[in-house]
Visitor: 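Sharing a structure below in structure tokens format, with a few things to ask.
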Amino acid sequence: MSKLINFPENFYFGAGTSSHQIEGGQTNNWTRFEHANAERLARESEASFRWNPHWSKFKEEATHPENYISGAACDHWNRYEEDFDILTDLGLNAYRFSLEWSRLEPVEGQWDEDAFKHYQDMLSKLKEKNITPFVTLWHWTLPTWLADKGGITSSDFPYYFERYTQAIVSHLGNSVHFWITLNEPDVVASHSYLLGAWPPQKKNIFRYLKANRMLIAAHKRAYEVLKVYDRNHQVGIAKHQVAFHVLRPTLWNHFLKFMADQFWNRPWLRKIKNHQDFIGLNHYHRHCIDGWYGKNPNLIQTDFGWEYYPESLTQALTELKTYKLPIYITENGVADADDKLRQDFIPRALKAVARGIEAGADVRGYLHWSFLDNFEWDKGFWLRFGLVQVDFKTQARTIRQSARMYAEISQKKQIEL
């Protein structure tokens, strides 16, 4: 028998973005990477994605170098008021976005007051619309001056991040309650220094280990700055958690899951356990184990080629109960240009959230990724995650049907299991 499940009264239903992916007009370490690698990424795209059943839809776009230049992106820097009107139209009560370090401190030690005023205006507009901001201090991009000093592997990075946080809180501290210091620090460290795929493309295990140490220290310093300013500030990170799912309950499979959790899911949350007020959960898919890793059935795949299985969110949530902290889902979504999977995904994902709550996870919000179609890092523009479709030539916004479906569920604050 089906039953109606009510979400908590003060539950946040929202959506998320990051500055580099939507603002446009950036000058940072990623824009430098884009211009240096666009032709290579276009040339290598088919070899990387021809196994993807959806590849034919995107081949023409993905094989052009301009796809890999962020450029104007969604022009959100100039169109944020229009975009906030869409959030209001959808009835969402939370919005996650990030601040762009390269705008705020374009030259070492020189702060751009106009950029701070711009972000303050964004926060004021959100307040007028009764939309709660979840502000990310760092979503992977660095000012070029800091990248040239070693970026996140510099021994001075925690100092620079602490100074950056102090500047932000002195300007914006009265307008924000929820702070996310770092977005997926484990992901950016691994892609930059284990895989060597992202800037600065320096594949080195020792650099990877140091990057993690510096990021942990940076988070702790930022946490202290934010809490000294206001003890009521709620501070955490957005942590990428994988649901390592055992297909057959053999001793070997359980050992493999234990090792995967120990390497990926647990280290960061364990090391910052005394410096977080909540857990921001970024989750997209499970990772099945049967004799070895990567045994996903892949009966249905997203445009990204990831296995489509929204129910894995329940496992990710219940496995976080051990930390005894509030959980805000800071990213969860699907790459789906046709918006067919997404219309199925949203209710299934929210049912998975409801099951997690029933199982005892203290879940207090769901921020869908993403609010807008955006620039998907080294994949460019062809992957469409948005509740809102963006025409990158005209910058026209079109609210997708899946967004209307999400709005309906969020307004009712209940879902049928």
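Keep in mind it's a predicted model, so treat the numbers as computed, not measured. All values below were derived from every heavy atom in this structure, side-chain atoms included, with hydrogens, water molecules and symmetry-related copies excluded.
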Visitor: Applying ring-ring contact (aromatic ring centres under 6.0 Å, His included) to Phe11 and Phe13, what does each step give before you reach the verdict?
Guide: CA-CA 7 Å; Phe11 196 84; Phe13 287 97; 4.9 Å; yes
Visitor: Parallel, tilted or perpendicular: which fits the ring planes of Trp55 and Phe49, with parallel below 30° and perpendicular above 60°?
Guide: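 If you compare the ring of Trp55 with that of Phe49, the planes turn out parallel.
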Visitor: Does any donor atom in the side chain of Asp336 or Tyr308 lie under 3.5 Å from an acceptor atom in the other side chain?
Guide: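 On atom types as modelled, these side chains do not qualify, holding no pair under 3.5 Å.
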Visitor: Any side-chain donor-acceptor pair under 3.5 Å between Tyr160 and Glu108?
Guide: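 Judged by distance alone, the side chains do pair up.
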Visitor: Testing Tyr284, Phe345, Trp306 for side chain to side chain contact (heavy atoms under 4.5 Å, CB included) with Val334, which one passes?
Guide: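 Considering Tyr284, Phe345, Trp306, a side chain to side chain contact (heavy atoms under 4.5 Å, CB included) with Val334 is found only for Phe345.
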Visitor: Does this structure show an ion pair linking Lys239 with Glu184, if we count only N-O contacts that are shorter than 4.0 Å?
Guide: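 Answer for the salt bridge query: no.
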Visitor: Any side-chain heavy atom of Leu387 within less than 4.5 Å of one from Ile346?
Guide: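 Answer yes - side chains close enough.
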Visitor: When you look at His283 and Ser312, which way does the side chain to side chain donor-acceptor pair (under 3.5 Å) test go after all the steps?
Guide: CA-CA 9 Å; His283 178 76; Ser312 63; 2.8 Å; yes
Visitor: Yes or no on side chain to side chain donor-acceptor pair (under 3.5 Å) for His240 and Trp264, after CA distance, side-chain angles and deciding distance?
Guide: CA-CA 9 Å; His240 177 265; Trp264 189 259; 3.1 Å; yes
Visitor: Would you call the rings of Phe58 and Trp382 parallel, tilted or perpendicular, where under 30° means parallel and over 60° means perpendicular?
Guide: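 Plane angle between 30° and 60°, so tilted.
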Visitor: Answer with yes or no whether the side chains of Glu100 and Asn28 bring together a donor and an acceptor at under 3.5 Å.
Guide: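 Side chains of Asn28 and Glu100: pair found under 3.5 Å.
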Visitor: Between the side chains of Ser155 and Lys210, is a donor N or O closer than 3.5 angstrom to an acceptor N or O?
Guide: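 The criterion, which ignores hydrogens and geometry beyond distance, is satisfied for Lys210 and Ser155.
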Visitor: Given Phe134, which partner from the list Tyr12, Tyr95, Tyr366, Phe97 fulfils the ring pair (Phe, Tyr, Trp, His ring centres under 6.0 Å) test?
Guide: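 Of the listed residues Tyr12, Tyr95, Tyr366, Phe97, the ring pair (Phe, Tyr, Trp, His ring centres under 6.0 Å) partner of Phe134 is Tyr12.
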Visitor: With a 3.5 Å cut-off and no angle check, do the side chains of Asn29 and Arg32 form a donor-acceptor pair?
Guide: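 Their side chains do not contain a donor-acceptor pair, so the 3.5 Å distance test is not met.
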Visitor: Does a donor on one side chain and an acceptor on the other come within less than 3.5 Å for Gln26 and Thr31?
Guide: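 No, no side-chain donor-acceptor pair sits under 3.5 Å.
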Visitor: If the threshold is 4.0 Å, N to carboxylate O, is there a salt bridge linking Asp338 and Lys57?
Guide: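 Looking at Lys57 together with Asp338, the answer is yes, because their closest N to O distance falls below 4.0 Å.
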Visitor: Within 45 degrees of the ring normal and closer than 6.0 Å to the centroid, is that where the cationic atom of Arg96 sits relative to Trp369?
Guide: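 Geometry flag: not set, cation outside 6.0 Å or 45°.
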Visitor: Using side-chain heavy atoms (C-beta onward) and a distance below 4.5 Å, is Thr17 in contact with Asn374?
Guide: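 SC-SC contact between Thr17 and Asn374 ruled out.
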Visitor: Salt bridge check, Asp344 against Lys340: does any charged N sit closer than 4.0 Å to a carboxylate O?
Guide: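 Judged by the 4.0 Å cut-off on N to carboxylate O distance, Lys340 and Asp344 do not form a salt bridge.
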Visitor: Of Val225, Ile168, Ile237, which meets side chain to side chain contact (heavy atoms under 4.5 Å, CB included) against Trp179?
Guide: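 Output: one option passes, namely Ile168.
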Visitor: List the steps and the verdict of side chain to side chain contact (heavy atoms under 4.5 Å, CB included) for Phe375 and His20.
Guide: CA-CA 8 Å; Phe375 180 77; His20 186 73; 4.2 Å; yes
Visitor: For Trp198 and Asp378, does a side-chain donor sit closer than 3.5 Å to a side-chain acceptor?
Guide: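 Their side chains do contain a donor-acceptor pair, which is all the 3.5 Å distance test asks for.
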Visitor: Taking the side chain as every heavy atom from C-beta outward, state whether Val390 and Arg397 have any pair of such atoms under 4.5 Å apart.
Guide: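 Val390 vs Arg397: side chains touch.
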Visitor: Would you check if there is a donor-acceptor pair between the side chains of Thr181 and His219 at a distance under 3.5 Å?
Guide: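 Looking only at side-chain atoms, Thr181 and His219 do form a donor-acceptor pair, the distance falling under 3.5 Å.
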Visitor: Regarding Asn282 and Asn183, is there a side-chain donor-to-acceptor distance under 3.5 Å anywhere?
Guide: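 Their side chains do contain a donor-acceptor pair, which is all the 3.5 Å distance test asks for.
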Visitor: Between Arg79 and Asp75, is there a side-chain N and carboxylate O pair less than 4.0 Å apart?
Guide: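 Result for this pair is yes, salt bridge flagged.
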Visitor: For Tyr80 together with Phe84, are the ring centres under 6.0 Å from each other?
Guide: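 Ring centres of Tyr80 and Phe84 closer than 6.0 Å.
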Visitor: For Trp111 and His171: C-alpha separation, side-chain torsions, deciding distance, then whether ring-ring contact (aromatic ring centres under 6.0 Å, His included) applies.
Guide: CA-CA 11 Å; Trp111 303 97; His171 286 82; 7.8 Å; no
Visitor: Between the side chains of His368 and Asn332, does any donor sit under 3.5 Å from an acceptor?
Guide: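 The answer is no; no qualifying pair exists.
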Visitor: Do Thr398 and Gln389 pair up side chain to side chain, a donor and an acceptor below 3.5 Å, judged on atom types alone?
Guide: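 No - no donor-acceptor pair under 3.5 Å links their side chains.
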Visitor: How about Trp377 and Phe33: are their ring centroids closer than 6.0 Å?
Guide: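 Between Trp377 and Phe33, the centre distance exceeds or equals 6.0 Å.
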Visitor: Are Arg286 and Tyr309 in a cation-pi setup, meaning NZ or CZ lies under 6.0 angstrom from the ring centre and within 45 degrees of the ring axis?
Guide: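 Yes, cation above the ring, under 6.0 Å and within 45°.
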Visitor: With no hydrogens and no angle check, do the side chains of Ser175 and Gln120 hold a donor and an acceptor under 3.5 Å apart?
Guide: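 On atom types as modelled, these side chains qualify, holding a pair under 3.5 Å.
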Visitor: Below 4.5 Å, heavy atoms only, C-beta onward: do Asn37 and Gln201 meet side chain to side chain?
Guide: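 Result yes, sub-4.5 Å side-chain heavy-atom pair found.
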